Amino acid sequence: MIGGTNACANADGRTVTTTADGTFATTVPVAAPPKPCPCVVHVATVTGEPAAADAPLGVQGHPEAPLPPQRDGERLSALEARLEGSSGLLTWFGAPPRRRLVVTVANLGPVPARDPVFRLGTSRGVLAPSWEEHRWRGTVAAGGKERVSLDVELAAGAYGDYLVSLGYGDEVLVEQPWDVSRPWGVTVFWVLLCVVVPLAVFRAGMAVVDRVRPRPAAPAGTATTEEAGPGLPWFRPGTVPPENDGAPGAGAPGAPS
């Protein structure tokens with residue numbers, strides 16, 4: 001059991017049947033350990049409720065090491081993984097893209113994994129992932145499997161080819177590609193801003209120029225509307241009617257006397 005694993009002398013294992021009181025007896029060959037290790041006889045159930053036990057074993061002629069505690073004896077492996085979710089309207093305008101990583105995790109170790117802490121990382125291109133720890137509330141029984149769901153979120157305005165990684169301990173269990181669409185709504189907004197703002201400034205400038213520029217002076221001897229009074233009619237040149245002589249009883253020109 002080097003490092004607390006069952007990677008040694010598995011081919012020399014034996015299958016036995018327990019009696020009614022749960023005991024058994026058999027003979028197993030002892031293999032020489034490749035290095036000083038905590039040698040044990042490892043017993044695990046094949047059917048029924050998962051259970052395991054280890055009995056320390058001293059191999060004559062080989063140095064021994066103490067048996068490590070089994071609190072870290074779980075070994076998790078990913079069977080299936082996928083990204084769920086889709087981009088909404090807000091993501092089109094630069095909101096943070098979100099997905100849910102759904103992984104089917106199996107426990108290949110002899111002890112259950114209670115509330116495991118996973119490492120969730122996202123990376124782009126050749127950059128290393130930025131890891132964050134996420135604790136999953138639940139238990140993955142020894143020899144069992146569970147469906148684990150973890151939320152993934154990128155920075156606002158992110159786009160391009162990303163890689164979502166899930167790790168446990170020092171191992172990377174799964175890597176899932178994620179193609180994030182470009183937020184075209186932000187591009188449309190800036191294009192409209194570059195068109196509307198200069199147009200508004202131009203219109204405001206023209207209004208100011210129209211107010212401050214000097215008005216052309218009226219010709220000499222010409223009365224303005226205010227000076228002439230509101231009762232005087234206006235006539236176009238060449239259409240002014242002939243004036244009367246102003247004498248009493250005088251008729252209009254050309255009228256019979």
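Bear in mind the structure is a predicted one, so any value in this text is a computation, not a measurement.
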So, taking the atom named [atom1] in [X] and the one named [atom2] in [Y], what distance separates them when rounded to the nearest 0.5 Å?
X      : Y      : atom1 : atom2 : value
Asp170 : Arg119 : CG    : CZ    : 7.0 Å
Thr139 : Glu146 : OG1   : CD    : 8.0 Å
His134 : Leu166 : NE2   : CG    : 9.5 Å
Leu120 : Trp136 : CG    : CH2   : 15.0 Å
Arg124 : Leu154 : CZ    : CG    : 10.0 Å

I'd like to check [X] versus [Y] (side-chain heavy atoms, cut-off strictly below 4.5 Å). Are they in contact?
X      : Y      : answer
Lys145 : Leu79  : yes
Phe118 : Leu76  : yes
Arg147 : Val102 : yes
Ser77  : Glu171 : no
Tyr162 : Pro97  : no
Tyr168 : Val105 : no

Under a 4.5 Å side-chain heavy-atom rule over Ile, Leu, Val, Met, Phe, Trp and Tyr, are [X] and [Y] clustered together?
X      : Y      : value
Leu199 : Val191 : no
Leu173 : Leu83  : yes
Leu163 : Trp131 : no

- Does atom CZ of Arg203 have more than 12 heavy-atom neighbours, drawn from other residues, nucleotides or ligands, at distances under 6.0 Å?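 Result for CZ/Arg203: open.
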- Asp21, CG atom: more than 12 neighbouring heavy atoms under 6.0 Å: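 Yes, CG of Asp21 has more than 12 neighbouring heavy atoms, counting only those of other groups under 6.0 Å.
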Restricting to non-hydrogen atoms, name the atom on [X] and the atom on [Y] that form the minimum distance, rounded to 0.1 Å.
X      : Y      : answer
Trp178 : Arg99  : CZ2-CG, 3.1 Å
Ser165 : Glu175 : OG-CG, 3.6 Å
Ala106 : Val140 : C-CG1, 4.4 Å
Asn107 : Val111 : ND2-O, 2.8 Å
Pro112 : Ala141 : CB-CA, 4.0 Å
Arg100 : Ser149 : CD-CB, 3.9 Å

- Task: Output yes when Glu133 and Arg135 qualify as a salt bridge under the 4.0 Å nitrogen-oxygen rule, no when they do not.
- Result: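 Arg135 and Glu133: not salt-bridged.
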- Task: Using atom types as modelled and distance alone, determine if a side-chain donor or acceptor of Asp161 lies under 3.5 Å from a backbone N or O of Asp179.
- Result: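 The answer is no, because no donor-acceptor pair under 3.5 Å joins these two groups.
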- Message: Using only atom types and a distance under 3.5 Å, with no angle test, would you say the side chain of Asp115 pairs donor to acceptor with the backbone of Gly138?
- Response: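 Such a contact is found between Asp115 side chain and Gly138 backbone.
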- Query: Using links of under 4.5 Å between side-chain heavy atoms of ILVMFWY residues, direct or through other members, which residues join Val30 in one cluster?
  - Reply: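 Other cluster members: Val16, Phe24, Val41, Val43, Leu57, Val59.
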